[in-house]
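As structure tokens, the structure follows; a few thoughts come after it.
Computed from heavy atoms alone, side chains included, the values below leave out hydrogens, waters and symmetry copies. For the single chain, residues carry numbers from 1 onward in sequence order. Computed from a prediction, not measured in an experiment: that's the story for all the values here.
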Amino acid sequence: MLLRASIHLSSSSFLFESVETRKKETFPREMAGEGKARSEDLNLCFEKLMMLAFGGGKSGSSEGGVKMEGAVITEWKDIPVELLLRIVSLVDDRTVIMASGVCSGWRDAICMGLTHLCLSWCKNNMNNLVLSLAPKFTKLQTLVLRQDKPQLEDHAVETIASYCHDLQDLDLSKSFKLSDLSLYALAHGCPNLTKLNISGCTAFSDAGLEFLTEFCRKLKILNLCGCVKGATDRALQGIGRNCSQLQSLNLGWCENVGDVGVMSLAFGCPDLRTLDLCGCVCITDDSVIALANRCPHLRSLGLYYCRNITDRAMYSLVHNRVKNKLSMWESMKGRCDEEGLRSLNISQCTALTPPAVQALCDSFPALHTCSGRHSLVMSGCLNLTSVHCVCAVQAHRSASSFPHPAH
């Protein structure tokens, strides 16, 4: 064992050399060579450890190890698990992976204690890295595998699903190589998922997504932006049928989404708070009316380029705002204004008219058109330039009330 000799805590260069030796034997080439982690990172870790554990090192000894509650720390393996995990929380994920290769004690402690991991820094060999790490880091709850270029393949996701059963938050965005096999694996292996980002995963089908929802019923946040083949009415019907806890859904540029799917969402996901339908060119007023009627907690709605949306949809939101205010008055006195839309994008919805949008703006005080607070976005709608929020009108009146200086 590299670390059997007595090592003072001040000798962090030895730790770095040991990590470098072990990681070259254990991990892929990118992490060993191209990662270029610096020894000063680990020096900083242990300086912070000294401050945390020994009040700046005042109670330690630089000659015979460090004394702590009657125990003497003379080797790296003597560091208590609690302090090791504190170190892990202070450094980046690359260093955490390096540290897990120091010795079996560190590996076991880190693998059992690590719950959050991000590998987005891995630019060339993420697939092999996942295959290496997933069987060890079995307690992961959050795993971010966002990629700039597609690396992940189905067998990597299948490995994650086989070992990381506690996973709650998974980011696979831009994984162009993944197929429905990944969704089937996640459905069987990760039923506790509450947040899933598969935006840009263009190979997934609606059958795969529908299957996933039958097992991952705890989903609260789901990003399907750009999943053109996967995000269809069939998939949305599955979501509405199985994911009643859903709060946020991104369907941006999923052009196969129609009224049938959105209405299924509205009826099956009453706690929906954020819905992005930007670029869903097939939806009509019926979708918005269903959302207005069935989703009283809706806070953010994106309708960019939904050119089939008319005043009828806007007035349905206004009508249900008034109805909800009345029904909440007794149970939520003074809190009514906390409810309702806070963000709305109707850019390029050219069929809308000023009276309908103004009525909407008046009904939802959190929708702003004023400078710096644009939560009502209307770009591309030149016929809506007369629509203003209350504070914008008040600012205009205040400016008009001041006398103009004589020229």
Test item: [X] side-chain N/O and [Y] main-chain N/O as donor-acceptor pair under 3.5 Å:
| X | Y | result |
| --- | --- | --- |
| Gln151 | Lys123 | yes |
| Thr159 | His155 | yes |
| Gln358 | His388 | yes |
| Ser363 | Ala359 | yes |
| His297 | Arg273 | no |
| Asp180 | Leu183 | no |
| Ser375 | His368 | yes |
| Asp166 | Leu140 | no |
| Ser175 | Leu178 | no |
| Ser199 | Ser173 | no |

**Q.** Single hit among Ile346, Asp285, Leu277 for side-chain contact (heavy atoms from CB on, under 4.5 Å) with Ile309
**A.** Asp285

Give the minimum heavy-atom separation between [X] and [Y], together with the two atoms involved.
| X | Y | result |
| --- | --- | --- |
| Ala351 | Asp311 | O-OD1, 4.2 Å |
| Cys201 | Lys174 | SG-N, 4.4 Å |
| Val144 | Ser120 | CG1-OG, 3.5 Å |
| Cys190 | Ala161 | SG-CA, 3.9 Å |
| Lys136 | Cys111 | O-CB, 3.2 Å |
| Leu129 | Cys122 | CD2-SG, 4.0 Å |

Check the side chains of [Y] and [X] for a donor-acceptor pair under 3.5 angstrom, ignoring hydrogens and angles.
| X | Y | answer |
| --- | --- | --- |
| Asn242 | Thr213 | yes |
| Ser379 | Ser347 | yes |
| Asn320 | Asn293 | yes |
| Gln247 | Asp271 | yes |

(Q) Run Leu341 and Arg299 through side-chain contact (heavy atoms from CB on, under 4.5 Å) and show every step you take. (A) CA-CA 4 Å; Leu341 283 173; Arg299 300 290 171 271; 5.9 Å; no

Taking the side chain as every heavy atom from C-beta outward, state whether [X] and [Y] have any pair of such atoms under 4.5 Å apart.
| X | Y | value |
| --- | --- | --- |
| Leu251 | Leu265 | yes |
| Thr350 | Asn383 | no |
| Leu376 | Cys361 | yes |
| Leu272 | Leu246 | yes |
| Ile239 | Leu209 | no |
| Leu236 | Arg241 | no |
| Thr194 | Asp169 | no |
| His165 | Asn192 | no |

Q: Check step by step if side-chain contact (heavy atoms from CB on, under 4.5 Å) holds for Val257 and Thr232.
A: CA-CA 5 Å; Val257 167; Thr232 67; over 6 Å; no

**Q.** Residues Arg321, Asp362: salt bridge by 4.0 Å N-O rule
**A.** no

Which distance, rounded to the nearest 0.5 Å, do you find between the [atom1] of [X] and the [atom2] of [Y]?
| X | Y | atom1 | atom2 | answer |
| --- | --- | --- | --- | --- |
| Ile160 | Leu145 | CD1 | CG | 5.0 Å |
| Glu153 | Met126 | CD | CE | 12.5 Å |
| Leu172 | Leu196 | CG | CG | 6.5 Å |
| Asp206 | Cys254 | CG | SG | 11.5 Å |
| Tyr304 | Asp276 | OH | CG | 11.5 Å |
| Cys243 | Glu214 | SG | CD | 10.0 Å |

Q) What do the steps show when you test Asp286 against Met263 for side-chain contact (heavy atoms from CB on, under 4.5 Å), and what is the final call? A) CA-CA 8 Å; Asp286 290 341; Met263 292 170 70; 4.3 Å; yes

Q | Atom OH of Tyr315 with >12 non-hydrogen neighbours under 6.0 angstrom | A | yes

Q: Show the numbers, then the answer: is there a ring-ring contact (aromatic ring centres under 6.0 Å, His included) between His116 and Phe137?
A: CA-CA 10 Å; His116 294 68; Phe137 296 160; over 10 Å; no

Q. Are Asn124 and Lys149 close enough, and set up right, to give a side chain to side chain donor-acceptor pair (under 3.5 Å), and what steps lead you there?
A. CA-CA 9 Å; Asn124 296 311; Lys149 61 180 180 180; 3.0 Å; yes

Q: On the 0 to 90° scale, with breaks at 30° and 60°, tag the Trp253-Tyr305 ring pair as parallel, tilted or perpendicular.
A: tilted

Q | Residues Leu119, Val130; criterion side-chain contact (heavy atoms from CB on, under 4.5 Å); working and verdict | A | CA-CA 8 Å; Leu119 299 180; Val130 169; 3.9 Å; yes

